[in-house]
Amino acid sequence: MQGNKSLAASIFAPKTPGPTNPIPSSSPAFGTPAHTLKPFAIAPPTKATILPILLPPATLRPLAFRTFTKKHSLTLTSSALQELATFIGRHCGSGWREEGLAEKVLEEAAKSWKNRNGGVIVDGASNELKEILKTLEGNMSGGRVVTGRELSRQNSLILDSSQETDLTNTRLGIRPTKHLTRDDSATSFGMSSLGVEEDDQDDEGLRDPRKWLKVINAYDQPRMLYNVTKKHFEKDPSKPSLMPPASHKTTLFRNRYNVIHQRLLRNESFQSSTVATTKAAPSLKRSASSNLTAQQSYKITPIANLLGRHGSHHMLLGLLSVLPTGGLAISDLTGTISLDLSHAVAIPEDSAWFTPGMIVLVDGVYEEEEESTGKGLGGSNGVGGIIGGRFQGFFIGQPPCEKRKATLGVSGPDDHTIGGGFGWIDFLGVGSERAVGSKMRKLEQRILRHSRASLPDSDPDTPSCGRIVIIGELNLDQPRALQALRKILTTYSTEPEGSTPMAFVLTGNFTQHAVMAGGGASGGSVEYKEHFDALASILSDFPTLLQSASFIFLPGDNDGWASSFGGGAATPLPRKSVPDLFTSRVRRAFATANAELGADSKRTPGEAVWTSNPARVSAFGPAHEIVLFRDDMSARMRRTAVRLKSSQPEASEKEDQENEPPATDNSANDGDIDMASALDGVDAMDVDSAQPNKERGGQPAVPHDVHTARKLVKTVLDQGYLVPFRNAIRPVHWDHAGALHLYPLPTAMVLVDVTAPPFCVTYEGCHVMNPGPVLVAGRRGVGRWIEYELGGTGKVRECMF
C-alpha cells in the first residue's frame, strides 16, 4: 500500500510552475520551455480622475480665438464655442488652463476641422464638429489627447521604442505610430482617397502616372453651393433628382449669380478706394491706351435700386433674358428691367458672344416711363417683378475671369499659400489644394522624372508618358474614320516602351445620325452595337496600348440612350455615358489584353472608361483638372447671339456684321484684348496653333480662325459655365448643374466643337483645346487630333492614311 501511495503521490504530484514568461534560447544546453509563451497582457491604461466643471464660453473665448482664428484662420460661432466649452469642461476639468489641456484639445479640433474640409466658419450644429468631438472623446485620457507614442509600455519585451509602440498599437487595433506622427497624413482630407503615403511612394506600382489619374463622372462630382452669408462654398445637403421641384431652378440661377458676383467683388476694379477723389461715374469705355486710371473703380447697382433715379448712370450685373413680347431684359436677384441695346457697344469690341442666358455687365442710363399705365404684354409696370421703365445700355461686357491660383489662394513657383481664396474646398472629391496640392506636385515631378530616367535611351527628345491624346468626333459608321483611328493608334504603338501616353480621349458623336431614333440605314440598337463591335476589332490590334493606357469615351447628342427620344437634338446636360449593353465587346478587348499581361505584373492595367458629358479628369489630385465637354457651342452662339452696333464703322465696311456667322474676317482692333486685361492688366490671350499670331502695330493681323477661337474661349471662361444659354435652347438638369460650373478655372479644357476650327488657346492660365472632327473636311485621307502634355500645352497633329 505504501508503494502504491508513493506511486500515486509521484503521479499526482503537483507540477512545478514554469518560469514567468521565459525567454527561449537557441543554445542546445537549454531545453525548450514546457509552457507556451504568454501573450502580452494588454492592461487598460490607468485614467486619472477628472472632476468635470462648468466652463463658461466667455472664459474659453480668448484661448479659442488664439487657436482657431489667429493660428488656423477659422471663425467660431457661438454655438461651436458652447460645444467646445462643454467638452473641455467635462473632459479636462479644472486643469484646462494651468496644465494646458484645453489648448491641445482646441489644436486637435482645429486640425481635424480643416482636414475634413469643414469650411472657414465652424458651426456648432454641424455633424463634422460632433464627429470630431466624438473622436477626441475616445482618445482622451486624464484630460489629455492620447497619441500612439503615449500608450502603455509595461508589457513590452526588450524592443526598440518605435517597434514597441507599433507592436502595442497593432494589438490594440490602432495604426502604427510611424503613420500617426505626421499631422497631415493620418486624417488629411483627400489623402486617404488618393492613397498618398510617404512610405508607399517608392512602391513600383505607384510609379505609374496612370495610378494617379481619375475620371470623375458629372453625377459623382460634389454639388457645391455658394453661401452668401458665410462667403464660402458648402455641399448641397439635398438629394439630387432628375425631376426636382420648380424651386431648384431658382436655386440654379441664384447660385450662378452669386458665384460671378463674389468673383467680381474680389476683382480690384470693383473695389473702391477710401482715398479716391474722383467723382465721375465710371464707365466701361476704355481710354486710348486700353488701361483704366488708377482711381477709377466700378460699382454694381441692384436693379431694385433704380426706382426713382431717372436719368442716372449705373452699371448692372444680371441675366440676359427675353421678354414675352420678344424684347430683351436683364434680371438679378432683386428684379427685372427692360433692356435696350440698340446703341450698345461690346467692350472689348467683337471679343465675345452675348446671348440670352448669359450673365453680363451692362453700363448705361435708367429711364422711367412717361405713362404709369401698362401697355398690354409690353407694359413694364412692375407686374411679375419687372421694374417700370427701361435701361438704356451703352456698353456691354463679360464679367472678368479669375485665374485658378487667385481662386485657390496660392502663388509663387512652388504654389505657396498666400491666404484667402477657396484652397480648402475640395471641388472634385480628390483632395483640396491646400491639403494635398504641394505634395501631389512633388510626387508628379518624381514620378515623371523616374519614368523618363527608366527609358533605355534617355534622349531629351523621347516622348513623355505624361501625354493625353485627344481624338475629336469619331463617327464609327464612317469607314474612313476607323482608318484614321487605326493610323493614329499605329503612330503611338511604335513608340518606345515606357513612353506610351497615359490616356486616349475618344469623343462622340459615335454615329453621324441618331441611330437609336431610326436615323441610320436600318435604325435600332442592333446597328448601334455593331459600330462599337467594329471599334473593338480595331482596338484589339493594339494590345500594348490597351495594357498601358486609359481610353476615355465621351458621348455626344446622337449616342444612346438620350438620342432615342431626342432624335439628335440638344439633350439635357449632364448626360450619362453610353450604356454597357453596347460596349461589352470593347470591354472584352481590354480584358483580353490585360490577361496577356499577367497577374504578376506590377504595371497598372489598361482600362476603358465610359463617362458622362461633361466629365472631369484629375491627374495627381488637385494639381491638374481637365474638363471634357462635347457640344457644338459655336454654332449655337451664332444662332442666338444679340446683334450689337460697332463703335468704329469706318474701320471696316463689314464691321456691323460682327455677330453674324463668321463668313468673313471680323477681327477688330481689340480682337485679342479681353475685359480682364483691360480691367486689371492681366496677360493677353495666348494662342498655340500652326498659324502665328502677329502682333498688331497699326493694323490687326489676327487670322480668322484664331479670332473665332479666342471669341469662343473668352465667352465660355468668362461665364464660368458650360451652358450659358436659355433653358429652352440647351436644357440642364437643375440638381446636377454644379458639374457645369468652371469655377475655379480648370488647368485645361477639351471643348470638342465640330462647328469651330481646331485650336489650342490659353486664356487666364486655362488651356482650351478643340480637335474638331477626326476627318479633316476638304482634305481626303487626312486625320487630325491633339496631343496634350500634362501641365503644358496642346499641339494639333495630322497624319495621312
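The structure presented is a predicted model; accordingly, all values stated were derived computationally and were not measured. The figures here come from the full heavy-atom set of this structure, side chains too, leaving out hydrogens, waters and symmetry mates.
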Asks: I want to check something: taking the side chain as every heavy atom from C-beta on, are Val617 and Thr611 in contact at a cut-off of under 4.5 Å?
Replies: no
Asks: May I ask you to test the Arg254-Leu333 pair for a side-chain heavy-atom distance under 4.5 Å?
Replies: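 Arg254 vs Leu333: side chains touch.
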Asks: Do the ring planes of Phe253 and Tyr257 sit parallel (below 30°), tilted (30 to 60°) or perpendicular (above 60°)?
Replies: tilted
Asks: If you measure only the distance, is there a donor-acceptor pair under 3.5 Å linking the side chains of Thr86 and Gln82?
Replies: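 Yes, side-chain donor-acceptor contact under 3.5 Å.
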Asks: Just how far is it from atom CG of Leu722 to atom CG of Leu573, taken to the nearest 0.5 Å?
Replies: 8.5 Å
Asks: Do Asp735 and Ser241 pair up side chain to side chain, a donor and an acceptor below 3.5 Å, judged on atom types alone?
Replies: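 On atom types as modelled, these side chains do not qualify, holding no pair under 3.5 Å.
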Asks: Give a yes or no answer on whether the side chain of Gln262 reaches the backbone of Val259 with a donor-acceptor pair at less than 3.5 Å.
Replies: yes
Asks: For Asp332 versus Pro302, what's the shortest heavy-atom pair and its separation?
Replies: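 That would be OD2-CA, 3.6 Å.
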Asks: Taking C-beta and beyond as the side chain, do Pro240 and Tyr219 meet within less than 4.5 Å on heavy atoms?
Replies: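 A side-chain contact under 4.5 Å is absent here.
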Asks: Among Phe233, Tyr743, Phe422, find the residue that satisfies the side-chain contact (heavy atoms from CB on, under 4.5 Å) test when tested with Met224.
Replies: Phe233
Asks: Which pair of heavy atoms, one from Pro614 and one from Phe629, lies closest together, and at what distance?
Replies: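 Closest approach of Pro614 to Phe629: CB-CD1, 3.7 Å.
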Asks: For Lys230, look at atom NZ and say whether over 12 heavy atoms of other residues, nucleotides or ligands are found less than 6.0 Å away.
Replies: yes
Asks: Of all the heavy-atom pairs spanning Leu55 and Ala85, show the shortest one and how long it is.
Replies: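 Shortest heavy-atom separation between Leu55 and Ala85 comes out as O-CB, 3.6 Å.
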Asks: Would you say Glu764 and Leu717 make side-chain contact, with heavy atoms under 4.5 Å?
Replies: no
Asks: Once rounded to the nearest 0.5 Å, what's the spacing between atom OG1 of Thr69 and atom CG of Leu74?
Replies: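 Atom-to-atom, Thr69:OG1 and Leu74:CG are 7.0 Å apart.
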Asks: Has Glu625 got a side-chain atom pairing as donor or acceptor with Ala748's backbone, closer than 3.5 angstrom?
Replies: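 No, the answer is negative, given that no donor and acceptor are paired below the 3.5 Å cut-off.
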Asks: Taking atom CG of Leu84 and atom CG of Leu136, what is their separation to the nearest 0.5 Å?
Replies: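 Rounded to the nearest 0.5 Å, the CG-CG separation comes out at 9.5 Å.
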Asks: Taking all atoms of both residues into account, what is the closest heavy-atom pair of Ala110 and His72, and its distance?
Replies: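 Here Ala110 and His72 meet closest at CB-CD2, 3.5 Å.
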Asks: Can you tell me if Ser612 uses its side chain to pair, donor with acceptor, with the backbone of Ala218 under 3.5 Å?
Replies: yes
Asks: Looking at Ala406, is its backbone amide N or carbonyl O close enough to the side chain of Arg266 to form a donor-acceptor pair, meaning the two atoms are under 3.5 Å apart?
Replies: yes
Asks: Can you list the steps and then say if Ile626 with Leu790 is a side-chain contact (heavy atoms from CB on, under 4.5 Å)?
Replies: CA-CA 10 Å; Ile626 306 173; Leu790 197 64; 4.3 Å; yes
Asks: Does Glu433 pair with Lys405 as a salt bridge, N-O distance under 4.0 Å?
Replies: no
Asks: For the pair Ser618 (side chain) and Gly621 (backbone), establish whether a donor and an acceptor sit closer than 3.5 Å, ignoring hydrogens and angles.
Replies: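 Yes: the side chain of Ser618 pairs with the backbone of Gly621.
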Asks: Yes or no on side-chain contact (heavy atoms from CB on, under 4.5 Å) for Gln719 and Arg256, after CA distance, side-chain angles and deciding distance?
Replies: CA-CA 9 Å; Gln719 286 294 310; Arg256 276 189 63 194; 3.4 Å; yes
Asks: Rounded to the nearest 0.5 Å, how far apart are CZ of Arg616 and CE of Met749?
Replies: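 Between Arg616 CZ and Met749 CE, I get 8.5 Å after rounding to 0.5 Å.
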Asks: So, do Lys231 and Tyr226 sit near enough that their side-chain heavy atoms are less than 4.5 Å apart?
Replies: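 Yes, at least one pair of side-chain atoms sits under 4.5 Å.
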Asks: Working to the nearest 0.5 angstrom, can you tell me the gap between Lys439 NZ and Lys442 NZ?
Replies: 8.0 Å
Asks: Determine whether more than 12 heavy atoms belonging to other residues, nucleotides or ligands lie under 6.0 Å from atom CD of Glu107.
Replies: yes
Asks: So how far is it from Lys104 NZ to Met140 CE, rounded to the nearest 0.5 Å?
Replies: 10.5 Å
Asks: Between Pro62 and Thr59, what is the shortest heavy-atom contact and its length?
Replies: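 Closest approach of Pro62 to Thr59: CD-O, 3.5 Å.
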Asks: Could you check whether any side-chain heavy atom of Arg404 comes within less than 4.5 Å of a side-chain heavy atom of Cys766, counting everything from C-beta outward?
Replies: no
Asks: Asp718 versus Cys401: any side-chain heavy-atom pair under 4.5 Å?
Replies: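 With C-beta onward as the side chain, the pair touches.
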Asks: Hey, does Phe65 have a side-chain heavy atom less than 4.5 Å from the side chain of Leu76?
Replies: no
Asks: Checking side-chain contact (heavy atoms from CB on, under 4.5 Å) for the pair His232/Ile121: CA distance, chi angles, key distance, verdict?
Replies: CA-CA 8 Å; His232 204 66; Ile121 299 179; over 6 Å; no
Asks: Quick check against the 3.5 Å criterion: does Arg263 have a side-chain atom that pairs as donor or acceptor with the backbone of Pro400?
Replies: yes
Asks: Testing the basics here: between Thr77 and Asp123, what is the closest heavy-atom pair and its distance to 0.1 Å?
Replies: OG1-CA, 3.6 Å
Asks: For the CG atom on Asp220, are there more than 12 heavy atoms of other groups (residues, nucleotides or ligands in this structure) within a distance under 6.0 Å?
Replies: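 Yes, the 6.0 Å shell around CG holds more than 12 heavy atoms from other groups.
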